Amino acid sequence: MLDKNGIARRIAQEVQNGQYVNLGIGIPTLVANHIPEGLDVEFQSENGILGMGPFPIEGTEDADLINAGKQTITALPGAVFFDSATSFAMIRGQHVQLTVLGAMEVSANGDIANWKIPGKMVKGMGGAMDLVASAENIVVAMMHTNRAGESKLLSTCSLPLTGVGCVKRVVTNLAVMDIKDGAFHLVERAPGVTVEEIVNATDGALILPDLVPEMSL
Amino acid sequence: MAISKEINGVEEACKDVKDGMTFMLGGFGLCGIPENCIEELVRLGVKDVTCISNNAGVDNFGLGKLLKKSQIRKMISSYVGENEEFERQMLSGELEVDLIPQGSLAERCRAGGAGIPAFYTPAGYGTEVAEGKEVREFNGKPHVLESALTADFAFVKAWKGDASGNLIYKATSRNFNPMMAMAGKITVAEVEELVPLGSLDPNEIHTPGIFVQRIFQGKAYEKRIEQRTVSQNK
């Protein structure tokens with residue numbers, strides 16, 4: 001079973017040379033730490049930076065330089081700042097090739113819910129609805145089950161949706177799943193996790209291949 | 001001769017704000033917010049206002065200060081997760097809240113300033129955000145009709161500006177400020193440094209002064225950091 005950093009490490013393998021990538025808040029942010037040396041990748045943060053670098057050395061933080069999670073960051077050589085309308089032109093116009101974001105629920109037809117629990121938690125969607133509606137390549141990073149142990153991979157989402165039919169791949173602490181033709185397709189299992197455990201933790205329709213390789217991390 | 005927008009300070013900038021007005025406030029989280037104008041709105045006690053702002057500040061800073069004094073009747077935002085008082089007022093129904101996707105918010109402000117009454121976007125299709133809105137297919141994909149936003153006052157914050165109202169922002173503090181500057185009937189720009197005419201390079205100005213009606217040099221910026229994150233090694 002993977003921890004959050006393990007999920008991020010596996011998702012880093014999805015990143016290809018030459019891609020512009022938007023990382024959401026939480027586990028997705030960790031993906032930046034696991035990009036292999038020598039890969040040319042630029043990170044976009046929707047509050048207005050392309051070429052986002054690591055967190056600053058203590059004492060050099062700049063209140064004017066943050067990411068979409070409101071964390072202090074740095075700008076790498078070649079970085080650029082822009083306004084929010086330009087930022088979402090990059091996203092809506094499909095100039096950003098890969099989007100990684102977290103979710104509360106994902107359904108077998110690729111719907112995603114991650115912004116609201118009616119009557120309980122209302123934080124807002126931020127840029128998530130724009131991102132999922134436009135990105136060609138959306139990878140969801142999340143734990144396979146919630147704190148109550150219930151599956152987050154469902155036949156239909158119970159929470160208010162962020163986007164419909166948009167998620168192509170989910171990476172959890174247990175498995176890599178692709179979503180197509182209204183079902184989850186098991187692609188890989190996490191180290192030490194059995195297919196049976198994945199089946200038990202998955203609520204939506206699940207297609208199993210004959211052979212399920214273990215992730216190579 | 002250039003048209004001067006320079007005024008004496010924040011009191012003059014906000015002298016004619018009234019109850020029930022709609023304000024736009026630039027910023028992303030606490031980054032690039034018009035701190036001086038927010039303080040002045042709190043001091044004036046203007047109430048029943050609608051605030052269009054990506055976020056709602058935190059409990060004791062930014063728009064959180066207006067919320068605490070119940071001056072805001074309605075918020076139009078995309079993400080409000082850092083503010084407990086906001087969440088309390090919203091869940092109890094004291095505060096009307098319109099949550100909209102961040103890219104749609106930015107584009108609605110831009111459209112408002114650019115004379116475009118509405119536009120179609122894929123964001124929010126199939127979600128409660130699209131309820132009651134016209135949906136139309138383009139290239140086989142459904143899009144939602146979103147309308148432009150304007151405001152009685154837009155309060156924006158820039159790094160440098162001149163008396164003509166030309167503005168330059170620093171790093172990611174630019175965010176929503178340029179679009180909101182365009183969409184205000186009266187746009188008030190507070191800047192960290194008001195520089196003499198002619199000292200800004202016209203090639204590098206982000207917001208042309210035509211969008212700004214009032215400009216002044218702000219004071220005592222706190223520039224709070226919400227999530228101070230640092231690296232251990234070089």
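Just so it is clear, the structure is predicted and the values come from calculations on it, not from any experiment. Convention: sequence-line order gives letters A, B, ...; per-chain numbering from 1.
Contact tally against chain B (heavy-atom pairs below 4.5 Å) for A/Pro56, A/Gly127, A/Gly48: the top residue is A/Pro56. For the set A/Val164, A/Val122, A/Ile49, A/Leu65, the entry with the most heavy-atom pairs within less than 4.5 Å of chain B is A/Val122. Between chain B and the options A/Ser84, A/Ala128, A/Ala113, A/Pro160, heavy-atom pairs under 4.5 Å are most frequent for A/Ser84. Options A/Gly126, A/Pro54, A/Gly124 differ in how many heavy-atom pairs under 4.5 Å they form with chain B, and the most are formed by A/Gly126.
Looking at B/Leu105, there are no atoms closer than 4.5 Å to chain A (heavy atoms on both sides), in backbone or side chain. Contact of B/Arg228 with chain A is made through backbone and side chain together, with heavy-atom distances under 4.5 Å. In this structure, chain A has no heavy atom under 4.5 Å from any part of B/Val97. Neither the backbone nor the side chain of B/Asn54 comes within less than 4.5 Å of any heavy atom in chain A. Using a 4.5 Å cut-off between heavy atoms, B/Glu226 contacts chain A through both its backbone and its side chain. The part of B/Glu192 that comes within reach of chain A is its side chain, from C-beta onward, which places non-hydrogen atoms under 4.5 angstrom from that chain.
No more than 12 heavy atoms of other residues, nucleotides or ligands lie within 6.0 Å of CE in A/Met1, so this atom counts as exposed by the packing criterion. For CD1 of A/Ile117, the number of neighbouring non-hydrogen atoms (other residues, nucleotides, ligands) closer than 6.0 Å is greater than 12.
Residue B/Ser78 holds its OG atom at 7.5 Å from CE of A/Met125, rounded to the nearest 0.5 Å. Note that OG1 of B/Thr172 and CZ of A/Phe82 are 10.0 Å apart. Values are rounded to the nearest 0.5 Å.
In this structure, A/Thr72 contributes its side chain and B/Thr229 its backbone to a donor-acceptor pair below 3.5 Å. Here the side chain of B/Ser231 pairs a donor or acceptor atom with the backbone of A/Phe55 at under 3.5 angstrom. The main-chain N or O of B/Glu87 is never found under 3.5 Å from a side-chain atom of A/Lys123 such that the two would form a donor-acceptor pair. Formation of a donor-acceptor pair under 3.5 Å by the A/Asp130 side chain with backbone atoms of B/Ser104 is found in this model. B/Thr127 places no side-chain N or O within donor-acceptor distance of the main-chain N or O of A/Thr162, the cut-off being under 3.5 Å. A donor-acceptor pair is defined here as one N or O able to donate and one able to accept, closer than 3.5 Å; such a pair exists between the side chain of A/Arg92 and the backbone of B/Gly103.
In this structure, B/Glu128 pairs ionically with A/Lys116, as a charged nitrogen and a carboxylate oxygen lie closer than 4.0 Å.
None of B/Lys170, B/Arg224, B/Arg174 except one satisfies the salt bridge (charged side-chain N to carboxylate O under 4.0 Å, His left out) rule with A/Asp64; the exception is B/Lys170.
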